K.L.:
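First the structure, which I've put down as structure tokens, then a few questions once you've had a look.
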Amino acid sequence: MAKWMSVAQIKEKIKESSAEEVTSRYLEVIEKSKINGYLTISDKAFEQAKKIDKEGHEGPLAGVPIAIKDNISVVGLPNSCGSKILEGYVPPFNAHVIEKLLSAGAVILGKTNMDEFAMGSSTETSHFGPTANPWDLERVPGGSSGGSAAVVAAGEAPFALGSDTGGSVRCPASFCGVVGLKPTYGAVSRYGVVAYANSLEQVGPLANNVEDIAVLMDVIAGYDRRDSTSIDSKTEYLKALVDDVKGLKIGVPKEFFGEGIHPDVEKAVWDAIHKCESLEATWEEVSMPHIKYALASYYIIAMSEASSNLARFDGTRYGFRAGGENWHAMVSKTRAEGFGTEVKRRILLGTYALSAGYHDKYYLKALKVRTLVKQDFDKALSKVDLLMAPTMPNPAFKIGEKIEDPLTLYLSDINTCPINLAGVPSISVPCGFTDGLPIGLQIMGKPFDEETVLRAAYTFEKNTDYHTKRPPEVA
């Protein structure tokens, strides 16, 4: 059995043999892993596979293995969020997306590594050590869903779930040479996902091809009464996969090609745009003048929401607890020892931005900028069908290269965070290589118009071969 198989190929393999054999094969590959992509392997994976073999392969994902980011609740599996402070916490309920996956017959292989509480762009802030990029084990896989992207790229899972707050699915998709989708805000329920920044984050799939992204979206998307932001958009994702971009108008936002972009990245993205042009799409340059303020706005909003959300982790009810002579001392010591440096930094900055003297100066102003960024997207997308730009301005950097310089690390999100502020859908697909490292093309669309985004991504994929390349480090 090949390490890299599509969902369709896996389903055929299950028919020929069994779900148990397919699951066994993936677990064997995981056991030999060099990348530290998984934090927990499910001891129920075989049990799930056997049950599916016994009851029949009926569901759309019957017997198909999947990896889950470690901030998404799964009954019986630890949910650490990559942090010491949630040490030993096992959720008593499933997230909405997990309920949907289990109903579809998916087999959960385990939980993947991530930046602590999804705060990072490299998976280096994890309490359990960094994940390595399968293309170069000395480089980061991106973050915060680095574990999910890396295990897909390494052939340790056919697809995975991540969460995207400011690029946390698309960044590792770009760095690891896989496909990653951030759906429209509200398209997928966030119930059961440990909150970092509620108004920005969205569960998103990672896979080796666009078709598997659509298969997974057909399963996990839809309304959930437990999430007041979720919407039933009636989108049929798999039906959107048409190999045809004839007549599509592509907008190229010049602000996404700014100072600091790697020349090979810029060339690969323009080559991708011209490839679509050769397939009878048209393109025009568009301007989004407020994008230059998006990064600052994003971090103020995200840190402010994180400050509020992470107040619940105090050692009183669950997870790690440090000693202390009284309640106040215990909480202080627990948070000091339980949170990592980056999480503490963001809590402090968020608390500062929300404080009485600075709320209007920082947080309120950031919200106003968010509105302007959203208006930029609305205006641009009123003229064109979708936007194309680099996912990341540079290829994957080396482990340890930027972790001591948080401002430089934050700049990594310059092309991805505006999408979260606007709440629109965006996908990253492989579009080239530089020095053996993958480059990602970012395709952005109108709210709840994943059909056009997927159609363009699918067409580009069908007419190129970048998605078929495999990492030499793990091949």
Side-chain angles (χ1 to χ4, degrees), residues 2 4-9 135 149 152-153 158-159 169-170 173-182 205-218 235-253 256-257 263-286 381 384-392 395 415 425-434 436-446 449-471:
W4 292 276
M5 297 175 71
S6 68
V7 170
Q9 290 171 327
W135 290 88
V152 172
F159 52 22
V169 163
R170 290 159 291 146
S174 177
F175 281 2
C176 291
V178 299
V179 183
L181 172 69
K182 187 212 82 73
L206 294 129
N208 280 307
N209 59 76
V210 175
E211 183 177 336
D212 287 355
I213 294 286
V215 169
L216 193 46
M217 281 299 294
D218 273 331
T235 303
E236 295 183 273
Y237 300 91
L238 202 52
K239 288 186 177 180
L241 303 186
V242 180
D243 183 4
D244 179 20
V245 291
K246 185 177 180 179
L248 279 185
K249 294 180 181 178
I250 299 166
V252 182
F256 282 70
F257 293 82
D264 289 349
V265 171
E266 185 170 12
K267 181 181 184 305
V269 171
W270 273 110
D271 286 348
I273 293 166
H274 292 313
K275 180 66 179 179
C276 292
E277 186 181 22
S278 74
L279 297 170
E280 300 186 69
T282 59
W283 68 271
E284 63 180 79
E285 191 176 78
V286 297
L381 289 165
V384 296
D385 297 305
L386 45 80
L387 304 170
M388 287 189 181
T391 307
M392 302 300 290
N415 280 5
S426 175
I427 195 169
S428 178
V429 292
C431 71
F433 293 87
T434 176
L437 299 171
I439 297 168
L441 166 70
Q442 184 171 208
I443 305 172
M444 300 154 272
K446 300 170 185 176
D449 189 20
E450 276 85 353
E451 290 105 323
T452 304
V453 171
L454 289 169
R455 172 186 163 194
Y458 182 75
T459 302
F460 177 75
E461 184 180 272
K462 283 295 177 183
N463 290 275
T464 57
D465 65 351
Y466 301 115
H467 70 289
T468 64
K469 309 296 184 185
R470 303 302 176 207

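The shown structure was predicted, so the numbers you read here are calculated from the model rather than taken from an experiment. If you read the sequence from its start, that first residue is 1, and numbering goes on from there.
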K.L.:
Who are the salt bridge (charged side-chain N to carboxylate O under 4.0 Å, His left out) partners of E236, not counting sequence neighbours?
P.N.:
K239
K.L.:
Out of curiosity, L381 CG to L387 CG, how far, rounded to the nearest 0.5 Å?
P.N.:
4.5 Å
K.L.:
Listed by chain and number, what are the side chain to side chain donor-acceptor pair (under 3.5 Å) partners of S174, not counting sequence neighbours?
P.N.:
none
K.L.:
Once rounded to the nearest 0.5 Å, what's the spacing between atom OG of S428 and atom CG of L181?
P.N.:
10.5 Å
K.L.:
To the nearest 0.5 Å, what is the distance between CZ on R455 and CG on D385?
P.N.:
8.0 Å
K.L.:
So do the side chains of V265 and M392 get within less than 4.5 Å of each other, counting heavy atoms only?
P.N.:
no
K.L.:
Hey, are the side chains of L248 and C276 touching, using non-hydrogen atoms and a 4.5 Å cut-off?
P.N.:
no
K.L.:
Are any non-hydrogen side-chain atoms of N415 and T391 less than 4.5 angstrom apart?
P.N.:
no
K.L.:
Please identify each residue that fulfils side chain to side chain donor-acceptor pair (under 3.5 Å) with E450, with sequence neighbours left out.
P.N.:
T184
K.L.:
Does T434 have any side-chain contact (heavy atoms from CB on, under 4.5 Å) partners at least two apart in sequence or in another chain, and if so, which?
P.N.:
H262, D264, P395, I439
K.L.:
With side chains defined as the heavy atoms from C-beta onward, is the minimum distance between F433 and Y466 less than 4.5 Å?
P.N.:
yes
K.L.:
Could you measure the distance from the CD1 atom of I213 to the CG atom of L206? Nearest 0.5 Å is fine.
P.N.:
6.0 Å
K.L.:
Only one of N209, D243, V210 forms a side chain to side chain contact (heavy atoms under 4.5 Å, CB included) with K462, so which one is it?
P.N.:
D243
K.L.:
Go through the structure and list residues passing side chain to side chain donor-acceptor pair (under 3.5 Å) with T459, not counting sequence neighbours.
P.N.:
none
K.L.:
Would you say that V179 contacts P430 through its side chain, given a criterion of any heavy-atom pair below 4.5 Å between the two side chains?
P.N.:
yes
K.L.:
Taking the side chain from D212 and the backbone from S6, do they hold a donor-acceptor pair closer than 3.5 Å?
P.N.:
no
K.L.:
Of the options K469, E461, H467, which is the one that meets D465 in a side chain to side chain contact (heavy atoms under 4.5 Å, CB included)?
P.N.:
K469
K.L.:
Could you measure the distance from the CG atom of L279 to the NZ atom of K246? Nearest 0.5 Å is fine.
P.N.:
11.5 Å
K.L.:
Under the side chain to side chain contact (heavy atoms under 4.5 Å, CB included) rule, what do F257 and V252 come out as? Steps first, then yes or no, please.
P.N.:
CA-CA 9 Å; F257 293 82; V252 182; 3.4 Å; yes
K.L.:
May I ask you to test the F460-C431 pair for a side-chain heavy-atom distance under 4.5 Å?
P.N.:
yes
K.L.:
Can you tell me how far apart CZ (F256) and CD (Q442) are? Round to the nearest 0.5 Å.
P.N.:
6.5 Å
K.L.:
Tabulate below the donor-acceptor pairs under 3.5 Å that side-chain atoms of residues 267-274 make, not counting sequence neighbours, or state none.
P.N.:
{"residue": "K267", "atom": "NZ", "partner": "D271", "partner atom": "OD2", "Å": "2.8"}
{"residue": "H274", "atom": "ND1", "partner": "E277", "partner atom": "OE1", "Å": "3.2"}

